[in-house]
Amino acid sequence: MSFLHSVRDIFRGRAMGTAGLIWLCVILFAALAAPWIAPFDPLDIDPVNRLTEPGWPHLFGTDHYGRDTFSRCIYGARMTMLIGLGSVAFALVTGGAVGMLSAYFTRLGNFLMRGIDVLMAFPALLLALVLMTLLERSVVNTIIVIGIVYATTTARILFGMTLKLKREVFIDAAVCSGAGHGSILFRHILPNLISPLLVQASFIFAFAQLQAAALDFLGLGLPPEVPSWGNMLSESRIYVTRAPWLLLYPGLLIILSVFSMNMVGDAMRDSMDPRFKDDIAGV
Amino acid sequence: MSAAPLLQVEDLKTHFFLGTARPFGSGRRLLKAVDGVSFSIGAGEVLSLVGESGCGKSTVGRTLTRLETASGGTARLDGREILSLSQAEFRPLRREIQMIFQDPFASLNPRLTIEQTLAEPLRIHGLAQTRTEARALIAETLQLVGLDPKVMERYPHEFSGGQRQRIGIARVMILKPRLVIADEAVSALDVSIQAQVLNLIKDLQRDSGVSMLFISHDLGVVRHISDRVAVMYLGRIVEIGTRADIFDRPSHPYTRLLLSSIPRIVPGRKRVEDLGEPANAASPPSGCAFHPRCKFATDICRTTQPPAHAVDTGHLSACHHIEALQKDLA
Ligand SMILES: Nc1ncnc2c1ncn2[C@@H]1O[C@H](COP(=O)(O)OP(=O)(O)O)[C@@H](O)[C@H]1O
Ligand SMILES: [Mg+2]
């Protein structure tokens with residue numbers, strides 16, 4: 001109940017954020033219900049009906065193997081959600097732990113944060129490319145690589161916020177009560193970081209989409225047979241003049257989803273604790 | 001106090017490094033926030049520590065609760081040295097030395113209910129085995145500080161400053177400590193509720209017989225609560241004595257300056273001296289740190305730090321010109 005209340009408080013009066021949230025719910029629904037709502041098997045090859053224009057029964061047309069673009073877009077939502085949630089979880093858990101512990105244990109922090117600085121010296125896409133060339137193309141590896149890229153920014157942001165929280169008087173008071181490191185970190189610091197973490201998560205989700213699409217497009221992300229929006233763009237790029245719909249639909253879906261996630265992030269940032277607003281400037 | 005004191009602090013020093021170290025050469029300056037402070041507090045006694053803002057009062061309190069690390073000196077609680085203990089060794093002793101913080105809006109975790117905040121010290125020190133037991137103790141303590149036990153379900157933002165400070169006091173008293181350090185416990189409150197909270201602290205202290213280090217920049221507040229008073233200036237105690245010593249027979253020019261700045265505390269005494277420019281702890285004056293603001297200052301004050309002279313038993317003043325001062329008062 002209180003969760004629903006806070007969702008209402010965040011999105012009330014924020015039209016763009018609400019629209020973004022609705023769109024994401026649609027994507028989430030498509031991802032979960034893909035086998036029931038997709039009219040065709042996304043992998044079914046039909047050489048007779050290659051590159052048909054959008055119409056009936058192929059709403060978004062077919063690709064060069066005759067696969068149904070609409071069904072592939074729906075299954076692509078699965079990949080979008082999987083990669084997005086996976087890399088967000090990876091980035092928040094690893095980056096969050098590194099940032100929080102570094103700020104709390106300063107000696108360890110000096111060491112760890114220098115490592116983060118080195119990783120951050122690479123542009124995000126370059127870092128992902130370098131890591132991806134070392135690994136096989138797979139869903140898990142894509143999640144890990146994108147997760148690592150955004151773990152660095154998460155670590156930086158949480159480092160700053162934890163440093164601030166550490167100086168709060170209520171932390172001194174907890175120490176005086178006899179609280180140990182574990183209790184200070186998990187009872188007093190972490191709960192105060194939840195809302196900035198959620199905002200951070202929504203921005204990472206948005207950027208992870210772009211990153212994943214870029215990796216797929218460059219042939220370094222998900223294996224080519226996986227129906228993801230990025231792979232669809234990559235495979236169809238040579239047909240751009242003959243069958244532009246092959247790029248139009250997945251491209252639109254990527255843009256809409258990234259934009260929606262950013263709008264949700266903005267709404268959450270605007271409604272949160274003013275103390276931390278400066279820290280979250282986007283990824 | 002004839003019996004051995006509860007707390008005996010000797011030559012306490014807390015120095016801070018300012019700025020960040022530069023990679024080459026030493027760019028760090030030393031700030032001697034507390035520089036050789038000695039005092040004792042007997043069982044059931046209230047010692048007040050007064051002085052202008054920035055003179056190091058909070059640092060004394062924070063060093064004794066091990067929130068800051070002492071650079072030198074000793075502090076014995078019941079004969080046991082506490083400054084050289086590791087944090088782990090000191091943890092069980094935290095129950096005995098508790099601190100009330102100045103800012104009631106910052107000292108409570110906004111994410112925890114009052115029950116969670118008050119249960120934490122009970123759990124850590126093993127004073128309640130079950131939640132029911134804890135809630136009973138919390139209810140009792142909340143009543144003690146003048147709050148309805150029902151408030152334990154609520155979050156800090158639902159309370160006023162005065163109520164929050166009562167919760168902060170409850171967090172301290174629930175542990176039945178032997179020494180309470182109250183750092184400007186009422187300074188952040190509205191004037192209208194300062195007296196209420198001050199009376200609460202005084203009553204709790206008297207009823208429980210707890211010893212207290214009462215820190216304040218305001219001699220007016222200190223007057224009603226102290227048995228003895230220590231006056232601090234730039235990291236040192238310049239005068240210490242009983243309440244009557246300090247208020248009726250002040251024997252340091254700085255104490256007189258502070259007294260003269262309290263409105264109407266001594267009827268008839270004119271406000272002759274201005275408070276003047278407070279000195280900076282980062283670059284203290286030579287000799288007696290107070291000499292640039294002192295009308296009695298002579299050459300010796302500019303070169304030599306005055307030792308503590310006994311004006312009377314238990315009444316010490318660190319001034320080169322005690323005789324001249326006493327003539328001036330007469
Ligand atoms: N953690 C710290 N690091 C550096 N300087 C500090 C620190 N804490 C206090 N100081 C400095 O020590 C001096 C004394 O501060 P404080 O004990 O807070 O004074 P008071 O409580 O009497 O106002 C001040 O100059 C303050 O800036
Ligand atoms: Mg202070």
Side-chain angles (χ1 to χ4, degrees), chain A residues 1-3 5-6 9 96 100 102-111 113-114 117 158-199 271-277, chain B residues 20-21 58 61-62 64-68 87-113 116-127 155-157 164-165 167-175 177 179-181 183-184 188:
Chain A
M1 209 55 222
S2 99
F3 171 75
H5 277 141
S6 45
D9 288 347
M100 231 173 91
S102 294
Y104 190 75
F105 300 106
T106 36
R107 210 168 290 171
L108 172 80
N110 279 335
F111 175 73
M113 290 315 285
R114 289 301 81 74
D117 288 342
L158 279 218
F159 181 73
M161 289 192 285
T162 308
L163 276 186
K164 248 182 235 180
L165 277 174
K166 209 177 119 179
R167 287 192 287 265
E168 291 280 344
V169 183
F170 67 77
I171 300 293
D172 284 342
V175 171
C176 282
S177 291
H181 296 313
S183 164
I184 300 278
L185 277 167
F186 294 106
R187 236 173 100 80
H188 292 282
I189 292 182
L190 190 58
N192 283 287
L193 292 173
I194 293 296
S195 66
L197 270 174
L198 283 176
V199 176
S271 68
M272 84 174 198
D273 190 341
R275 235 181 339 181
F276 293 128
K277 272 193 190 151
Chain B
T20 44
S58 295
R62 293 174 58 84
L64 293 175
T65 47
R66 302 292 304 271
L67 292 173
E68 308 288 355
Q87 287 288 350
E89 290 168 327
F90 184 62
R91 248 176 99 181
L93 281 172
R94 288 196 173 279
R95 185 185 163 188
E96 305 191 2
I97 308 184
Q98 281 290 305
M99 176 121 131
I100 302 172
F101 293 89
Q102 170 169 7
D103 184 353
F105 288 90
S107 58
L108 299 173
N109 185 340
R111 303 274 159 187
L112 298 185
T113 62
Q116 288 170 320
T117 291
L118 295 182
E120 179 169 46
L122 292 178
R123 184 171 42 80
I124 291 167
H125 296 281
L127 302 179
Y155 285 89
H157 69 86
R164 288 185 199 210
Q165 197 59 308
I167 295 164
I169 294 168
R171 170 169 58 196
V172 161
M173 296 311 291
I174 204 166
L175 284 174
L179 175 68
V180 169
I181 298 174
D183 186 2
E184 308 270 13

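Numbered from 1 within each chain, the chains take letters A, B, ... in sequence-line order.
Between A:S183 and B:E120, the side chains place a donor N or O and an acceptor N or O closer than 3.5 Å (distance only, hydrogens not considered).
Only the side chain of B:L67 comes within less than 4.5 Å of a heavy atom in chain A; its backbone stays farther off. In this structure, chain A has a heavy atom under 4.5 Å from the side chain of B:R62, while its backbone stays farther away. Of the two parts of B:I174, neither the backbone nor the side chain holds a non-hydrogen atom closer than 4.5 Å to a non-hydrogen atom of chain A. The contact between B:R123 and chain A is made entirely by side chain atoms (from C-beta outward), counting heavy-atom distances below 4.5 Å. Contacts of B:Q116 with chain A are made by both backbone and side-chain atoms, with heavy-atom separations under 4.5 Å.
Taking each heavy atom of A:V169 and B:S107 in turn, the nearest pair found is CG1-CB, 3.8 Å. Closest approach of B:A106 and A:E168 over heavy atoms only: O-OE1, 4.4 Å. Across all their heavy atoms, A:C176 and B:R94 have their closest contact at O-CB, 3.6 Å. Closest approach of B:R91 to A:G178, counting heavy atoms only: NE-O, 2.7 Å.
Contact count against chain A (heavy-atom pairs under 4.5 Å) is highest for B:P121 among B:P177, B:P121, B:G168, B:P92. For chain A, the option among B:I100, B:L112, B:D103 with the highest count of heavy-atom pairs below 4.5 Å is B:L112.
At distances below 3.5 Å, at least one donor-acceptor pair connects side-chain atoms of B:H125 with backbone N or O atoms of A:S177.
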Exercise. Could you walk me through whether A:I171 and B:N109 pass the side-chain contact (heavy atoms from CB on, under 4.5 Å) check?
Worked result: CA-CA 8 Å; A:I171 300 293; B:N109 185 340; over 6 Å; no

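With contacts defined as side-chain heavy-atom distances shorter than 4.5 Å, the pair A:F170/B:P156 does not qualify.
With a 6.0 Å radius and a threshold of 12 heavy atoms from other residues, nucleotides or ligands, A:R107 has its CZ atom at or below the threshold.
How far CG of A:L193 is from CZ of B:R111: 9.0 Å, rounded to the nearest 0.5 Å.
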